[in-house]
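A short worksheet on the structure shown next.
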Amino acid sequence: MITATVRYKLPPHIDHAACRAHFHKIAPGFRAAKGLVSKHFIWSESGWAGGVYQWESIEDAKAFYGGPWRDGIVERYGMEPQIEFYEVFAITDNAHATVELFGEPVLLKA
């Protein structure tokens with residue numbers, strides 16, 4: 001499993017309420033993203049926003065972040081998104097009372 005963090009600086013005209021409204025509008029569309037397990041839409045008082053994504057594979061993540069998605073980020077926010085990929089070794093999910101352990105490296109395969 002892969003976690004990706006995506007960040008971009010919000011332009012001054014996009015405040016907390018506008019960012020939240022936009023995220024609420026686009027959130028359902030991510031259900032169709034191939035290999036996406038979950039996405040947390042994030043905002044910070046520092047003026048940065050983005051997402052924390054869980055992906056089934058590095059290939060799915062990298063395929064998603066190219067093309068139209070990236071173009072939309074640059075158009076809306078005026079900058080290239082900062083994207084970082086992490087290999088997930090384990091997940092503790094207290095909401096479901098589960099612990100999941102991962103053994104095989106996935107980033108080395110990309």
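The figures here come from the full heavy-atom set of this structure, side chains too, leaving out hydrogens, waters and symmetry mates.
- In the hydrophobic clustering of this structure, Ile2 groups with Tyr65; members are Ile, Leu, Val, Met, Phe, Trp, Tyr whose side-chain heavy atoms approach within less than 4.5 Å, directly or through other members.
- With sequence neighbours left out, the side chain to side chain donor-acceptor pair (under 3.5 Å) criterion links Ser44 to Ser46.
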Which side-chain N or O atoms in residues 71-84 pair as donor and acceptor under 3.5 Å with protein atoms at least two apart or in another chain?
unit_1	atom_1	unit_2	atom_2	d
Arg76	NE	His22	NE2	3.3
Glu80	OE1	Arg70	NE	2.7
Gln82	OE1	Arg7	NE	3.2
Gln82	OE1	Arg7	NH2	3.3
Glu84	OE1	Tyr86	OH	3.1

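- Aromatic ring orientation, Phe64 versus Trp55: tilted (interplanar angle from 30° to 60°).
- Here the CG-CG distance, from Leu10 to Asp15, works out to 9.5 Å after rounding to the nearest 0.5 Å.
- Here the shortest heavy-atom pairing between Ala90 and Leu101 reads CB-CD2, 3.7 Å.
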Contacts under 3.5 angstrom, residues 23-42 side chains, donor-acceptor by atom type, not counting sequence neighbours:
unit_1	atom_1	unit_2	atom_2	d
Lys34	NZ	Asp60	OD1	2.7
Lys39	NZ	Tyr53	OH	3.0

Discussion item. Could you go through Lys62 and Phe85, starting from their C-alpha distance and side-chain angles, then the distance that decides it, and tell me whether this counts as side-chain contact (heavy atoms from CB on, under 4.5 Å)?
Written reply: CA-CA 9 Å; Lys62 288 184 174 182; Phe85 298 100; 3.9 Å; yes

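- The OH atom of Tyr8 sits 11.0 Å away from the CH2 atom of Trp48 when rounded to the nearest 0.5 Å.
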